[in-house]
Amino acid sequence: MMPRRLLLIDCDTGVDDALAILYLAADEAVEILAVGTVDGNVAPELGAENSLRALEAAGRPSVPVAIGAGAPLLQESRHAEHFHGEDGLGDAHLAPAKSRPTQEGAVEQMVRLARAHPGEISLLAIGPLTNVALALMVEPRLPRLLAEVVIMGGAVACPGNQSPWAEFNIAHDPEAAEIVLRASWRRCTLVGLDVTGQAILEPADHQRLGGSAPAEFASRILQQQMGANRRFELCDPLAAAILLDPSLATYQELPVSVDLDGLHTRGATIADRRITLAPTAPETRPKVAIAMSVDAARFLFEFANRLGSSG
Ligand code: RIB
Ligand code: CA
């Protein structure tokens with residue numbers, strides 16, 4: 001029996017977060033210990049409802065879902081219903097989830113599980129990093145208690161999507177991202193727009209989704225975006241795939257800072273390349289494994305397989 005990977009997901013369940021949950025839930029070797037939601041694409045209460053819907057569609061109805069931070073640490077919250085739909089799932093008008101969120105908060109849940117399973121849990125953070133930053137403040141040992149953190153976020157050598165310089169998850173709460181990226185994780189992987197820009201679902205792939213509850217769920221929540229744009233960037237599913245199989249990508253190990261003060265660049269993720277240019281450069285902060293290239297074809301093949309593609 002293969003050892004099961006213990007996962008904790010922190011998300012802002014919009015369309016691609018839900019697809020990431022389906023992707024992970026399709027893997028028998030993965031144990032999703034719990035899900036926490038954070039303000040981002042939608043408010044965390046709606047993110048929790050959408051996470052429960054995705055977990056039920058994926059046949060994992062008993063995974064606990066906890067509600068986390070309802071706003072960024074300092075910045076005003078700006079949701080993304082314009083992209084993910086008013087319901088956060090492509091206005092697919094899905095049935096309400098059968099189960100309810102837990103009473104425990106997402107930050108408390110993260111700290112409790114990290115303490116209970118020291119060195120064993122992989123954290124997949126696919127929303128703004130508010131909950132992770134708060135958990136670091138509550139439990140400063142978190143970077144040693146978790147096995148690793150894989151973050152969907154940032155744009156290191158490519159344009160942003162929330163602004164010319166900043167990617168949405170980082171831009172939504174730059175202060176939280178700065179707190180997280182300067183921590184000394186056992187391993188911190190940044191899956192940003194540098195690679196998600198190659199993980200594009202095309203209309204033909206969308207049309208082939210079907211033949212199972214997860215695939216039908218995926219097809220429905222993608223319909224609005226595929227109808228409007230005839231493409232969908234699989235940001236969060238790619239981060240999930242890289243967590244399960246790091247060989248999908250190649251990496252640069254560099255310190256990463258978040259710009260907090262730039263009039264035009266606030267929320268930008270700045271990699272310190274002096275480290276590679278001059279080994280004697282000052283060690284400014286711990287290094288992050290930044291995904292810089294990806295085998296997109298292999299990922300898209302795996303995505304179709306896991307979600308159920310009819311032919
Ligand atoms: O920039 C893309 C990221 O922002 C994804 O995680 C998407 O769900 C949104 O949270
Ligand atoms: Ca997300």
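Atoms within each ligand, like the ligands themselves, are counted from 1 in listed order. All values below were derived from every heavy atom in this structure, side-chain atoms included, with hydrogens, water molecules and symmetry-related copies excluded.
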Find out whether [X] and [Y] are in side-chain contact, i.e. whether some heavy atom of one side chain is under 4.5 Å from a heavy atom of the other.
{"X": "Leu134", "Y": "Ile179", "answer": "no"}
{"X": "Ile151", "Y": "Leu181", "answer": "yes"}
{"X": "Thr196", "Y": "Val294", "answer": "no"}
{"X": "Asp12", "Y": "Thr37", "answer": "no"}

*Please state which protein non-hydrogen atom is closest to atom 8 (O) of ligand 1 and give its distance, to 0.1 Å?*
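The answer is Asp16 OD1, 2.5 Å.
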
_Nearest-neighbour protein heavy atom for atom 9 (C) of ligand 1, which is reported as residue plus atom name and distance_ = Asn41 OD1, 3.2 Å

At less than 4.0 angstrom from any non-hydrogen atom of [X], what atoms of ligand 1 do you find?
{"X": "Ile126", "value": "6 (O), 10 (O)"}
{"X": "Asn169", "value": "3 (C), 4 (O), 5 (C), 6 (O), 9 (C), 10 (O)"}
{"X": "Met152", "value": "2 (C), 3 (C), 5 (C), 6 (O)"}

*Heavy atoms from other residues, nucleotides or ligands near CZ of Arg115 exceed 12 (cutoff 6.0 Å)*: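 Buried by this count: over 12 neighbours within 6.0 Å.
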
*Counting only heavy atoms not in Trp185, do more than 12 sit closer than 6.0 Å to its CH2 atom?*
yes

*Determine the interplanar angle of the Phe299 and Tyr23 rings, folded into 0 to 90°, and report it as parallel if under 30°, tilted if 30 to 60°, perpendicular if over 60°.*
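The rings of Phe299 and Tyr23 sit tilted, inter-plane angle from 30° to 60°.
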
*Would you mind finding which of His84, His172, Glu167 brings a heavy atom closest to atom 3 (C) of ligand 1?*
Glu167

*Is the backbone of Gly88 close enough, under 3.5 Å, to the side chain of Asn41 for a donor and an acceptor to pair up by distance?*
no

*Purely on distance, is any nitrogen or oxygen of Gly127 under 3.5 Å from one on ligand 1?*
no

*With the Ca ion (ligand 2) at the centre, find the angle made by OD1 from Asp12 and O from Ile126, to 10°.*
90°

*Which angle, to 10 degrees, forms at the Ca ion (ligand 2) with OD1 of Asp17 on one side and OD2 of Asp236 on the other?*
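Approximately 70° at the metal, rounded to tens of degrees.
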
What do we get for [X] next to ligand 1 when only non-hydrogen atoms under 4.0 Å count, side chain, backbone, both or neither?
{"X": "Asn161", "value": "side chain"}
{"X": "Asp236", "value": "side chain"}
{"X": "Asp17", "value": "side chain"}

*Is Asp16 close enough to the Ca ion (ligand 2) to have an N, O or S atom under 3.0 Å?*
no

*For the salt bridge (Lys or Arg N to Asp or Glu O under 4.0 Å) test, which of Glu31, Glu148, Glu28 pairs with Arg5?*
Glu148

